[in-house]
Each structure stands twice: as C-alpha cells, then as structure tokens.
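By convention here, the first residue in the shown sequence is residue 1. All values below were derived from every heavy atom in this structure, side-chain atoms included, with hydrogens, water molecules and symmetry-related copies excluded.
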Amino acid sequence: MARSPLSGIEEELAGLEQQALLRRLRTVEPVGGSGVLELDGREVDGFSSNDYLGLSRHPALREAAARAAARYGCGSGASRLVCGSLPVHRELEERLAEFKGTEAALTFSSGYAAAVGCISAVVGSGDVVILDKLAHASLIDGARLSGAHLRVFPHNHLEKLAAHLDWAARRHPGARVLVVTESVFSMDGDRAPLADIVRLKEAAGALLLVDEAHATGVLGRGGRGLCELAGVSGSVDLQLGTLSKALGAAGGYVCARRLLVDLMVNRARSFVYSTAPPPPVAAAALAGLELLAGEEGAALLKRLNTHCLEMEQAGFGPVQSAIVPVAMGEAARALSAAEQLLRAGFFVPAIRYPTVPRGRARLRVTLSACHESSRVLALCRELKGLGPLPGDLGD
Ligand SMILES: *Cc1c(COP(=O)(O)O)cnc(C)c1O
C-alpha cells in the first residue's frame, strides 16, 4: 500500500506539543477601546497587540476607511502596474515619504511583503546581505530569496559587522552589499546602535536597510522612528516599516530615494505580482499618519511613554520601546506563566522557539496608549507575583 502523503504530520504536531511549542489560534473579541478583550467568555486586559497608539479602533481611521469603501469599494482589483494606482495609494506614499524625510515611498500589502520584496529587488546572486542575528523572519526570508551571500552578526555586535563588511570587500569586490537591521527589535524591545552602523556602512560603501516596524509611531519626533531620533534618516538607504502596528491599519512600506523606489516598482515581486492594498486600508493608514501629526498624536505618544516609565519604575527596565520582554527561560515555564496571568485577567503572550532561541522563552508585554495606567501597574504586580525570574534574556 502506498504511504499516505499526510503521514508524519500528526507525529510532528504531537512532537511540538510535547516540547510546549505547539501554537493554537484563539478567538478574542475587543471590548471598548482600552485594550480589554473577551477571551473564552471572560474579559481580560490585552498586553499583546502591536497597536501601540490604539489607532486601529480610532473613529478617525474607521471613518476614513468607511468613506474609502463607499467611494472605491473594498478591493483594489489588481496590482497597480496592471490597473493603476488610486489617488489614496499615491497620497499615502507622498505622506510616508514626507514623514520619513525621503524622496519617495512604496507601499505593499503587508510589512512582510515589503521586506521580502525590497531585499530581493535590491540585491541578487553575487551580492552580499549582512543581517543582525535577531532580524525579523521577513528580513531573513527576503535575504534568502534574493540569492545573495548571507552573513549574520551577533545581535548589535559592531566589531562583527565590521568584520563581515571587510570580508565582503575582499571576497566579493564589486558586489552590492546590504546591511539589514531592525531599529527596535520585535522580541527584545531593545534598540540598534544606528549611528555606529551608519558609520560602518558608509566607510564600506554598503547600503543599509532599517526595519522600523516597532519604532514608527513610538519613537522620534512625532513618532517618525529611531532613524529620526538618532539623526540618521538621511543616511539610511531603505527605511522599511509597517502600517499595521502603531499606524493602526495594514500594509508595509519602504521609504527611499526615487531611484530605489523605481527599482522596486520593477523588481519587487511581492509588489508586482500582488493586488494593491485595499482602498479602505490605505485610507485608514493615511488617516493614522494625519492623526499622528496632530495634537492628539502627540498626546497619545506621551501617554505611551508614561506607560513605558511605569514599567521601568516597577523594575522591568530598561524600557527602550513599547515592547517589554520578561525572561522565562524554558518554553514550558513561559507557557505556564502566561496561563497564570490569563487567570489573573491579563493576556500576555508566551514567546517561544523558533521565534526566539531555545531556552530563552519569554513573556512579551506590549504597551499601548489605549491602556489605563491602573491596569499597567496591576500587570506589574502580577508579573512580580510569578516568583523569581531568570533576570535577563541570556545572550
Ligand atoms: C510585524 C513585523 C513585520 C511585518 O509586518 P506586517 O505588516 O505585520 O506583515 C516586519 N518586520 C518586523 C520587525 C515586524 O515586527
């Protein structure tokens, strides 16, 4: 009898469960606007979303989406090269370029698509990509897809980055070299030393891509990101990010020189071969950017910053972004801590291998301007009640 094409799958899933690494989807229903969720029939405080400013449910974004839906419908119909760009796509890109201080911008259907498309458009086989060890999966996938030679440096390790740049110059003279990092790291919440990285890449004549997924709408003047805060926006060749986190909508973007955007329009396959972002979603992102630029945006950024200070003062620091990891060590420990928190009314995800290395599982607390201070402080008390913690994430 022929072997079933599905054989081994049950065992594979059982194996994951045995190692406390099985993931399951759960359905939640947001209640009100302060991050409260209904989960399994109970209300809990959500500290898991990347909706850092609470914009995803903001009336201004909802209304912008509804107006765009009424005018243009729900879908875009085809890729923009095939059916043209709508005014909302063009306006969104103009606004993004202005926000990030670049000549041009290009939007994609997601941040993942932006990362994969951008890297594989800018470099190819024979070129070199040098990545921070903790770079997001989308950046790694883009680098792999590009067919370029890959080198990884230990997290934020400048000497190792310099050594890889030297290696690239010696071994692949004439190749295009792209350095890739995040500005705020998605699972650790710490920051990259961008000014030093810029210095190294300029000395080496390399390009630099910085993924600002967790810094846009969080850090820098008016939420422009860490590139702006570090004063290096003009030297970062590709400022990548997502419209799906602090900006409250969905989609990815790359802000860059016109030349690089023109290259992506022609070569980024996740742009060329994918339907344009839905008009309501693009309109919501545009409204998110507009809101961020105004007084209300400033007030939300301030409120988020207050929560960061509250966590830091409670001993969960240094808090360098809206992401606060609490080290747990083994996956099983992280899972049971997450369950204990859930019983106490807090939804905080356990982050496990392969998202983070084995033995470095953690709870990942994300703060949002939509939270009430009293709930942030209550979460801190509950986290302390978990007993002695490993202390650091263990490098
Ligand atoms: C979330 C994230 C992305 C992907 O963005 P989506 O819009 O969710 O696809 C890319 N890079 C980093 C660092 C992220 O955290």
Side-chain angles (χ1 to χ4, degrees), residues 100-106 108 111-183 185 191-213 225-227 230-241 252-271:
K100 293 285 186 174
T102 59
E103 280 176 7
L106 190 67
F108 293 73
Y112 185 94
V116 167
C118 170
I119 297 176
S120 57
V122 171
V123 288
S125 68
D127 293 330
V128 177
V129 179
I130 307 178
L131 291 143
D132 185 286
K133 176 95 166 79
L134 297 189
H136 191 258
S138 59
L139 302 168
I140 297 168
D141 293 357
R144 285 192 179 141
L145 188 64
S146 75
H149 303 282
L150 303 191
R151 281 290 178 276
V152 173
F153 58 98
H155 179 47
N156 281 345
H157 198 304
L158 295 167
E159 289 76 28
K160 223 24 207 258
L161 167 59
H164 286 328
L165 285 165
D166 277 349
W167 170 87
R170 274 185 283 109
R171 287 290 302 276
H172 300 283
R176 194 174 291 154
V177 179
L178 176 67
V179 177
V180 174
T181 185
E182 291 176 37
S183 59
F185 285 82
R191 302 179 187 181
L194 289 183
D196 292 323
I197 293 174
V198 162
R199 192 172 41 74
L200 291 176
K201 76 98 186 175
E202 299 217 311
L207 293 170
L208 173 62
L209 180 156
V210 175
D211 184 343
E212 295 250 54
L226 186 60
C227 292
V232 298
S233 299
S235 310
V236 174
D237 305 280
L238 298 150
Q239 297 184 55
L240 183 136
Y253 64 82
V254 182
C255 294
R257 271 176 228 117
R258 173 78 55 198
L259 187 73
L260 287 169
V261 168
D262 288 346
L263 178 70
M264 285 184 273
V265 167
N266 285 276
R267 294 267 191 260
R269 292 165 66 88
S270 60
F271 175 82

Qualifying residues under side chain to side chain donor-acceptor pair (under 3.5 Å), relative to H136, sequence neighbours excluded: S138

Point-to-point distance, once rounded to the nearest 0.5 Å, from CD of Q239 to CG of L209: 9.5 Å

Reported NE2-to-NE2 distance for the pair H164 and H157, which is rounded to 0.5 angstrom: 9.5 Å

Heavy-atom donor-acceptor pair, H172 side chain to A175 backbone, under 3.5 Å: no

H155 side chain to D132 backbone, donor-acceptor under 3.5 Å: no

Which donor-acceptor pairs under 3.5 Å do the side chains of residues 115-131 make with protein atoms, sequence neighbours left out?
| unit_1 | atom_1 | unit_2 | atom_2 | d |
| --- | --- | --- | --- | --- |
| S120 | OG | V116 | O | 2.7 |
| S120 | OG | G117 | O | 3.4 |
| D127 | OD1 | R176 | N | 3.0 |
| D127 | OD2 | G124 | N | 2.9 |

Of all pairs that satisfy salt bridge (charged side-chain N to carboxylate O under 4.0 Å, His left out), the ones with a partner from residues 252-270, not counting sequence neighbours: D237-R257

Residue pair M264 / F271, side-chain heavy-atom distance below 4.5 Å: no

Criterion side-chain contact (heavy atoms from CB on, under 4.5 Å) on L178 and L238, from CA distance to verdict: CA-CA 10 Å; L178 176 67; L238 298 150; 4.0 Å; yes

V179 vs T181, side-chain contact (heavy atoms from CB on, under 4.5 Å): CA-CA, chis, key distance, verdict: CA-CA 7 Å; V179 177; T181 185; 5.6 Å; no

Heavy-atom donor-acceptor pair, E212 side chain to S183 backbone, under 3.5 Å: no

Note, L139 side chain near E182 side chain (heavy atom, < 4.5 Å): yes

Any donor-acceptor pair under 3.5 Å from K201 side chain to S235 backbone: yes

